[in-house]
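Take a look at the structure set out below.
Quick note on labels: first sequence line is chain A, next is B, and so on, each numbered from 1.
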Amino acid sequence: MIAARDLRKRFGAVEVLKGVSLAIGKGDVVAVIGPSGSGKSTFLRCLNHLEVIDAGQVEIEGETLATTDAAGVCRYAPDADLRRICRKMGMVFQQFNLFPHLTVLQNIIEAPITVKGLTRAAILPQAEELLRKVGLLDKRDSYPARLSGGQKQRVAIARALAMEPDIMLFDEPTSALDPELTGEVLRSMRQLAEERMTMLVVTHEMAFAREVSSRVVFMDDGEIVEERPAGEMFARPEHPRTRAFLEHML
Amino acid sequence: MNYLFEILGPLLEGTAVTLQVFLLTLLLAVPFGLALALLRVSHFRLASGVVSGYIWLMRGTPLMLQMLFIYFALPFVPVIGVRLPDFPAAIVAFVLNYAAYFAEIFRAGIQSIERGQYEAAKVLGLTYGQTMRRIVLPQVIKRILPPMSNETITLVKDTSLIYVLAMNDLLRAARGIVQRDFTTMPFVVAAAFYLIMTLVLTWGFNYLERRHAVYDP
């Protein structure tokens, strides 16, 4: 589903990604863990063109999003293709990024109507079903400002799912939440994993990484240090850096 | 009392001229200003630079000078030189000038929208145009209402500058009567008229602010 090869990215003098490669298959739930500043969020954002890579190759479902030729020149697909390929991936942000001027329901149906050209009547049943799934049908006419952080994040998940993506990217979805609110968001994500959604989750929630993900990737200093099935990673981390990080986190 | 009714006629005629200049300017300068702001924040360096220069020119010279230039000097400019009658000349000057100020208000509003809004729209597949139209500008309107209200009220009073083109706006009509009858009464009435217009605008903007407050926390 996702094939990233040798992604390189620098912000000014700082090399944030030093050649990151990762392959994700259909139905995989991959957790990316690592210390702050390790480049894990940047890596995620490079996959759907929120950040532009300096070098490397990104393929989404066999289609080339970006590629680098022998001379080292990195090229992206033409704009229309780029948008079409990126639409296969839904994304959930740390800061929710709901549209504050739209109600919960309007947040969810905005893209299906504007981007896919669906009528309101055509998308409404699905939107309500999604809201029921994340347990927020009763909030459909509320504005985001009236919701708790956990509720906002669940709306954000429903909003992304309304575009029927094949892959869901989560960028620290619970990091901005009070501890007692993370549970409800993780429940929605777990449910999604059980439905065999392909998921890539940058997270500090070790419990989620251990229990829900099929694979865990440990990143540090712009590189993937270790990548293993979740059970093994937590039971027997191989690399000393991974061990140090996990000891610190658990 | 009779005198009051007597001078009311010419003062109302002046008010009509004032209102025409005000409404036409507002109607044309807002979309023009929005277009300027969108060019100014766009990634087209050249367009952005040209707009910056334009705004500098329009804010850097007096509106009265611009009006006099368009009326008296424009006919002698080669190629683009046209002779405009007084009313169109005034409107052109006001629109060109006010669009520059509106553009800066719009720009401030557009740049105050968080990056996350653009990113959320982008990952949902919205184009830049759709993002502006559906996500950014609706939020901008709410944020710029207070400065827009300020600028619009200033515009009501700035319309009195058209006297330099010998047009009979409210203030000039009042002054005419003052000089004829040796009484300051028309000034008081004119002030009352300006205050009423400003009051209506204030109410209008308050209404818009309340309507846009529905999504406040």
Between [X] and [Y], does at least one N-O distance fall below 4.0 Å, as a salt bridge requires?
| X | Y | result |
| --- | --- | --- |
| R143(B) | E114(B) | yes |
| E129(A) | K133(A) | no |
| R84(A) | D81(A) | yes |
| K116(A) | E164(A) | yes |

Under 4.5 Å from any heavy atom of chain B, what part of [X] do you find: side chain, backbone, both or neither?
| X | answer |
| --- | --- |
| F93(A) | side chain |
| R45(A) | side chain |
| L169(A) | neither |

With chain B as the partner, which of [options] has the greatest number of non-hydrogen pairs under 4.5 Å?
| options | value |
| --- | --- |
| A156(A), A145(A), P100(A) | P100(A) |
| H49(A), M91(A), Q95(A) | H49(A) |
| M163(A), E110(A), R146(A) | E110(A) |

Atom group of R133(B) that falls short of 4.5 Å from chain A, counting heavy atoms: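 When you check distances to chain A, no heavy atom of R133(B) falls under 4.5 Å.
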Under the salt bridge (Lys or Arg N to Asp or Glu O under 4.0 Å) rule, what pairs show up with a residue in residues 85-109 of chain A, not counting sequence neighbours?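 Counting only pairs at least two positions apart or across chains, the salt bridge (Lys or Arg N to Asp or Glu O under 4.0 Å) contacts touching residues 85-109 of chain A are E61(A)-K88(A), E63(A)-K88(A).
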Against the six-membered ring of Y163(B), is R175(B) placed for a cation-pi contact (under 6.0 Å from the centre, within 45° of the normal)?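 Yes, R175(B) and Y163(B) form such a contact.
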